[in-house]
Q: 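Structure provided below as C-alpha coordinates; questions to follow.
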Amino acid sequence: AQSVSQHNHHVILSEAASLELGCNYSYGGTVNLFWYVQYPGQHLQLLLKYFSGDPLVKGIKGFEAEFIKSKFSFNLRKPSVQWSDTAEYFCAVKSTGGGNKLTFGTGTQLKVEL
Amino acid sequence: DGGITQSPKYLFRKEGQNVTLSCEQNLNHDAMYWYRQDPGQGLRLIYYSQIVNDFQKGDIAEGYSVSREKKESFPLTVTSAQKNPTAFYLCASSLFGVGKGNTEAFFGQGTRLTVV
(Lines give C-alpha, C1' and ligand atoms only; values in the text may rest on other atoms or scores of the structure.)
Protein backbone atom coordinates (compact mmCIF):
# COMPACT_ATOMS: atom_id res chain seq x y z
CA ALA A 1 0.00 0.00 0.00
CA GLN A 2 1.19 3.48 -0.74
CA SER A 3 2.27 5.61 2.17
CA VAL A 4 3.73 9.02 2.89
CA SER A 5 6.01 9.68 5.86
CA GLN A 6 6.71 13.03 7.44
CA HIS A 7 9.45 12.63 10.00
CA ASN A 8 9.03 15.81 12.00
CA HIS A 9 5.73 16.12 13.83
CA HIS A 10 6.46 19.34 15.69
CA VAL A 11 9.10 21.90 14.80
CA ILE A 12 9.85 25.10 16.69
CA LEU A 13 12.10 27.71 15.09
CA SER A 14 13.07 31.29 15.70
CA GLU A 15 12.40 33.89 13.04
CA ALA A 16 15.06 33.95 10.30
CA ALA A 17 16.08 30.35 10.95
CA SER A 18 16.20 27.96 8.01
CA LEU A 19 13.57 25.27 7.61
CA GLU A 20 13.67 21.78 6.16
CA LEU A 21 10.76 19.37 6.53
CA GLY A 22 11.21 15.80 5.42
CA CYS A 23 8.82 13.79 3.27
CA ASN A 24 9.28 10.25 1.94
CA TYR A 25 6.85 8.14 -0.06
CA SER A 26 6.75 4.46 -0.89
CA TYR A 27 5.59 3.29 -4.30
CA GLY A 28 6.73 3.34 -7.85
CA GLY A 29 5.37 4.56 -11.08
CA THR A 30 4.86 8.12 -12.14
CA VAL A 31 4.37 10.43 -9.17
CA ASN A 32 2.93 13.86 -8.63
CA LEU A 33 4.13 15.44 -5.38
CA PHE A 34 2.60 18.25 -3.36
CA TRP A 35 3.09 20.31 -0.25
CA TYR A 36 0.04 21.88 1.34
CA VAL A 37 -0.18 24.35 4.21
CA GLN A 38 -2.98 24.89 6.71
CA TYR A 39 -2.80 28.18 8.60
CA PRO A 40 -4.71 28.36 11.89
CA GLY A 41 -8.43 28.51 11.19
CA GLN A 42 -8.01 28.33 7.43
CA HIS A 43 -8.42 25.61 4.88
CA LEU A 44 -5.67 23.73 3.08
CA GLN A 45 -3.76 25.64 0.43
CA LEU A 46 -1.26 24.43 -2.11
CA LEU A 47 2.33 25.57 -1.47
CA LEU A 48 4.01 23.89 -4.41
CA LYS A 49 3.86 20.87 -6.69
CA TYR A 50 6.11 18.65 -8.78
CA PHE A 51 4.98 16.85 -11.92
CA SER A 52 8.04 16.46 -14.11
CA GLY A 53 11.18 18.24 -15.25
CA ASP A 54 13.37 20.24 -12.90
CA PRO A 55 13.36 18.41 -9.56
CA LEU A 56 13.78 21.68 -7.67
CA VAL A 57 10.43 23.41 -7.55
CA LYS A 58 9.59 26.81 -6.17
CA GLY A 59 6.31 27.67 -4.55
CA ILE A 60 4.61 30.56 -2.88
CA LYS A 61 5.98 32.60 0.02
CA GLY A 62 9.61 31.65 -0.61
CA PHE A 63 9.17 27.90 -0.17
CA GLU A 64 10.90 25.35 -2.37
CA ALA A 65 11.13 21.57 -2.49
CA GLU A 66 13.49 19.08 -4.08
CA PHE A 67 12.39 15.78 -5.58
CA ILE A 68 15.08 13.11 -5.20
CA LYS A 69 13.81 10.06 -7.04
CA SER A 70 16.48 7.71 -5.76
CA LYS A 71 15.55 8.52 -2.19
CA PHE A 72 11.78 8.69 -2.75
CA SER A 73 11.91 12.07 -1.06
CA PHE A 74 10.37 15.51 -1.52
CA ASN A 75 11.69 17.73 1.26
CA LEU A 76 10.35 21.22 1.82
CA ARG A 77 12.75 24.10 2.50
CA LYS A 78 12.73 27.78 3.27
CA PRO A 79 15.94 29.75 3.89
CA SER A 80 14.47 32.16 6.43
CA VAL A 81 11.15 31.59 8.18
CA GLN A 82 8.80 34.27 9.43
CA TRP A 83 6.35 34.29 12.31
CA SER A 84 3.54 34.15 9.72
CA ASP A 85 4.78 30.74 8.57
CA THR A 86 3.37 29.21 11.74
CA ALA A 87 1.05 26.53 10.36
CA GLU A 88 0.67 22.83 9.72
CA TYR A 89 2.38 21.46 6.63
CA PHE A 90 1.32 18.35 4.74
CA CYS A 91 3.13 16.38 2.08
CA ALA A 92 0.95 14.51 -0.44
CA VAL A 93 1.53 12.08 -3.28
CA LYS A 94 -0.51 10.89 -6.21
CA SER A 95 0.88 8.03 -8.29
CA THR A 96 -0.03 5.64 -11.04
CA GLY A 97 1.22 2.85 -8.77
CA GLY A 98 -1.24 3.99 -6.11
CA GLY A 99 -4.29 3.96 -8.32
CA ASN A 100 -4.29 7.73 -8.70
CA LYS A 101 -5.48 8.29 -5.17
CA LEU A 102 -4.08 11.26 -3.29
CA THR A 103 -2.36 10.23 -0.07
CA PHE A 104 -1.25 12.63 2.66
CA GLY A 105 1.36 12.41 5.35
CA THR A 106 0.56 12.98 9.01
CA GLY A 107 1.60 16.61 8.90
CA THR A 108 4.22 18.77 10.62
CA GLN A 109 3.17 21.48 13.01
CA LEU A 110 5.57 24.42 12.63
CA LYS A 111 5.75 27.15 15.23
CA VAL A 112 7.90 30.18 14.54
CA GLU A 113 8.80 32.27 17.54
CA LEU A 114 9.67 35.96 17.46
CA ASP B 1 -17.02 32.02 -7.64
CA GLY B 2 -15.43 28.70 -8.58
CA GLY B 3 -14.66 26.36 -5.77
CA ILE B 4 -15.73 23.63 -3.42
CA THR B 5 -18.58 24.10 -1.00
CA GLN B 6 -19.05 21.95 2.05
CA SER B 7 -22.10 22.27 4.22
CA PRO B 8 -22.81 22.64 6.98
CA LYS B 9 -19.70 24.00 8.70
CA TYR B 10 -20.71 22.53 12.06
CA LEU B 11 -22.94 19.52 12.59
CA PHE B 12 -24.17 17.87 15.74
CA ARG B 13 -25.82 14.46 15.81
CA LYS B 14 -26.90 11.96 18.38
CA GLU B 15 -25.12 8.67 18.60
CA GLY B 16 -26.73 6.00 16.42
CA GLN B 17 -27.99 8.40 13.76
CA ASN B 18 -26.74 8.48 10.21
CA VAL B 19 -25.69 11.88 8.91
CA THR B 20 -24.87 13.11 5.40
CA LEU B 21 -22.23 15.74 4.66
CA SER B 22 -22.58 17.73 1.48
CA CYS B 23 -19.80 18.53 -1.01
CA GLU B 24 -20.36 20.42 -4.24
CA GLN B 25 -17.79 21.67 -6.76
CA ASN B 26 -18.14 23.86 -9.83
CA LEU B 27 -14.58 23.44 -11.07
CA ASN B 28 -15.54 20.75 -13.60
CA HIS B 29 -13.12 18.37 -11.88
CA ASP B 30 -13.32 14.67 -12.54
CA ALA B 31 -11.98 13.42 -9.22
CA MET B 32 -13.38 14.06 -5.76
CA TYR B 33 -12.14 12.95 -2.36
CA TRP B 34 -13.27 12.73 1.25
CA TYR B 35 -10.74 12.95 4.05
CA ARG B 36 -10.95 12.86 7.78
CA GLN B 37 -8.56 15.06 9.74
CA ASP B 38 -7.71 14.18 13.34
CA PRO B 39 -4.97 15.82 15.44
CA GLY B 40 -1.63 14.10 14.90
CA GLN B 41 -2.96 11.81 12.18
CA GLY B 42 -2.99 14.11 9.19
CA LEU B 43 -5.56 13.57 6.47
CA ARG B 44 -6.80 10.05 6.05
CA LEU B 45 -8.62 9.11 2.87
CA ILE B 46 -12.14 7.78 3.34
CA TYR B 47 -13.42 7.45 -0.24
CA TYR B 48 -12.54 8.86 -3.61
CA SER B 49 -14.19 9.00 -6.99
CA GLN B 50 -12.42 9.43 -10.30
CA ILE B 51 -15.51 9.62 -12.46
CA VAL B 52 -19.29 9.84 -12.18
CA ASN B 53 -21.01 6.67 -10.96
CA ASP B 54 -17.73 5.19 -9.75
CA PHE B 55 -15.90 5.41 -6.44
CA GLN B 56 -13.25 3.52 -4.49
CA LYS B 57 -12.60 2.91 -0.83
CA GLY B 58 -9.77 4.79 0.75
CA ASP B 59 -7.80 3.78 3.80
CA ILE B 60 -10.58 4.15 6.40
CA ALA B 61 -13.85 3.49 4.56
CA GLU B 62 -15.53 1.38 7.26
CA GLY B 63 -18.66 3.05 8.62
CA TYR B 64 -18.93 5.48 5.71
CA SER B 65 -20.74 5.49 2.37
CA VAL B 66 -20.72 7.78 -0.66
CA SER B 67 -22.44 8.30 -3.99
CA ARG B 68 -21.39 10.06 -7.17
CA GLU B 69 -24.50 10.51 -9.27
CA LYS B 70 -23.42 13.90 -10.60
CA LYS B 71 -19.98 15.20 -11.51
CA GLU B 72 -20.30 18.19 -9.20
CA SER B 73 -21.57 16.37 -6.10
CA PHE B 74 -20.00 13.79 -3.78
CA PRO B 75 -21.98 13.43 -0.52
CA LEU B 76 -20.58 11.44 2.38
CA THR B 77 -22.81 9.54 4.81
CA VAL B 78 -21.44 8.79 8.24
CA THR B 79 -23.35 5.76 9.41
CA SER B 80 -24.03 4.49 12.90
CA ALA B 81 -21.45 1.77 12.22
CA GLN B 82 -18.62 4.31 12.37
CA LYS B 83 -17.20 3.83 15.86
CA ASN B 84 -15.57 7.22 16.28
CA PRO B 85 -17.36 9.67 13.99
CA THR B 86 -16.52 12.93 15.75
CA ALA B 87 -13.94 14.59 13.50
CA PHE B 88 -13.22 17.27 10.94
CA TYR B 89 -14.18 16.16 7.43
CA LEU B 90 -12.62 17.64 4.32
CA CYS B 91 -13.77 17.31 0.74
CA ALA B 92 -11.46 17.93 -2.22
CA SER B 93 -11.50 17.74 -5.98
CA SER B 94 -8.92 17.58 -8.75
CA LEU B 95 -8.52 16.95 -12.44
CA PHE B 96 -8.12 13.22 -13.03
CA GLY B 97 -4.81 11.70 -13.92
CA VAL B 98 -1.17 11.58 -12.96
CA GLY B 99 1.58 13.30 -14.87
CA LYS B 100 -0.42 16.28 -16.00
CA GLY B 101 0.51 19.73 -14.88
CA ASN B 102 -2.56 20.65 -12.91
CA THR B 103 -3.85 17.74 -10.89
CA GLU B 104 -3.50 19.33 -7.48
CA ALA B 105 -6.46 19.02 -5.16
CA PHE B 106 -8.57 21.95 -4.09
CA PHE B 107 -10.19 21.77 -0.69
CA GLY B 108 -13.42 22.89 0.86
CA GLN B 109 -13.57 24.59 4.23
CA GLY B 110 -14.56 21.40 6.00
CA THR B 111 -17.38 20.18 8.22
CA ARG B 112 -16.81 19.60 11.92
CA LEU B 113 -19.04 16.76 13.01
CA THR B 114 -19.71 16.18 16.68
CA VAL B 115 -21.62 13.10 17.77
CA VAL B 116 -23.04 13.22 21.28
Side-chain angles (χ1 to χ4, degrees), chain A residues 1-10 21 23 25 27-54 57 59-60 65 67 74 87-109, chain B residues 1 3-7 9-10 23 25 27 29-51 54-61 66 74 87-112:
Chain A
Q2 62 184 34
S3 66
V4 180
S5 298
Q6 290 184 243
H7 316 297
N8 318 100
H9 298 295
H10 291 90
L21 301 182
C23 173
Y25 63 94
Y27 32 71
T30 303
V31 291
N32 293 168
L33 300 159
F34 310 89
W35 276 98
Y36 283 84
V37 62
Q38 189 173 36
Y39 297 103
Q42 297 187 28
H43 58 151
L44 279 157
Q45 304 171 36
L46 182 70
L47 264 183
L48 46 77
K49 60 187 179 185
Y50 169 81
F51 291 88
S52 63
D54 189 345
V57 293
I60 61 172
F67 170 50
F74 190 55
E88 191 159 17
Y89 294 81
F90 296 93
C91 180
V93 180
K94 184 189 285 189
S95 78
T96 53
N100 288 318
K101 70 179 184 179
L102 181 61
T103 299
F104 282 79
T106 52
T108 297
Q109 188 70 51
Chain B
D1 284 352
I4 301 175
T5 302
Q6 288 187 245
S7 60
K9 192 171 180 180
Y10 298 96
C23 179
Q25 55 101 357
L27 300 168
H29 284 169
D30 299 295
M32 296 187 75
Y33 310 82
W34 273 106
Y35 293 90
R36 171 182 171 139
Q37 186 177 14
D38 297 284
Q41 298 193 59
L43 277 70
R44 293 182 290 165
L45 183 64
I46 303 172
Y47 269 97
Y48 66 112
S49 168
Q50 299 184 81
I51 198 167
D54 186 45
F55 49 83
Q56 290 81 39
K57 291 182 179 180
D59 301 314
I60 55 164
V66 293
F74 191 42
F88 188 56
Y89 292 88
L90 284 166
C91 179
S93 71
S94 72
L95 287 173
F96 173 60
V98 177
K100 298 175 184 171
N102 52 354
T103 67
E104 67 264 31
F106 293 81
F107 283 83
Q109 290 193 325
T111 293
R112 187 165 297 280

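Please read all numbers here as calculations on a predicted model, not as lab measurements. To find a chain, count down the sequence lines: A is the first, B the second, and so on, and within it residues start at 1.
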Q: Give, as side chain, backbone, both or neither, the part of Tyr50(A) having an atom under 4.5 angstrom from any heavy atom of chain B.
A: neither
Q: Highest number of heavy-atom pairs under 4.5 Å with chain B: which of Leu46(A), Thr108(A), Leu102(A)?
A: Leu102(A)
Q: Once you round to the nearest 0.5 Å, how far does NZ of Lys94(A) lie from OH of Tyr48(B)?
A: 10.5 Å
Q: Can you list the residues that meet the side chain to side chain contact (heavy atoms under 4.5 Å, CB included) rule with Ser49(B), with sequence neighbours excluded?
A: Phe55(B), Arg68(B), Phe74(B)
Q: For the ring pair Phe90(A) and Phe107(B), is the centre-to-centre distance below 6.0 Å?
A: no
Q: Count the heavy-atom pairs under 4.5 Å between each of Ala92(B), Gly58(B), Ala105(B), Gly40(B) and chain A, then report the option with the highest count.
A: Ala105(B)
Q: Which residue, Leu44(A), Thr106(A), Thr103(A), forms the side chain to side chain contact (heavy atoms under 4.5 Å, CB included) with Leu43(B)?
A: Leu44(A)
Q: With a 4.5 Å heavy-atom cut-off, do Phe51(A) and Glu104(B) have their side chains touching?
A: yes
Q: Quick one: salt bridge (Lys or Arg N to Asp or Glu O under 4.0 Å) pairs with a partner in residues 1-10 of chain A, sequence neighbours left out?
A: none
Q: Would you compute the distance between atom CD of Glu88(A) and atom CD of Gln37(B) and round it to the nearest 0.5 angstrom?
A: 6.0 Å
Q: Roughly how far, to the nearest 0.5 Å, is CG of Leu90(B) from CD of Gln38(A)?
A: 6.5 Å
Q: Which atoms of Gln109(B) are under 4.5 Å from chain A, going by heavy atoms: the side chain, the backbone, both sets, or neither?
A: both
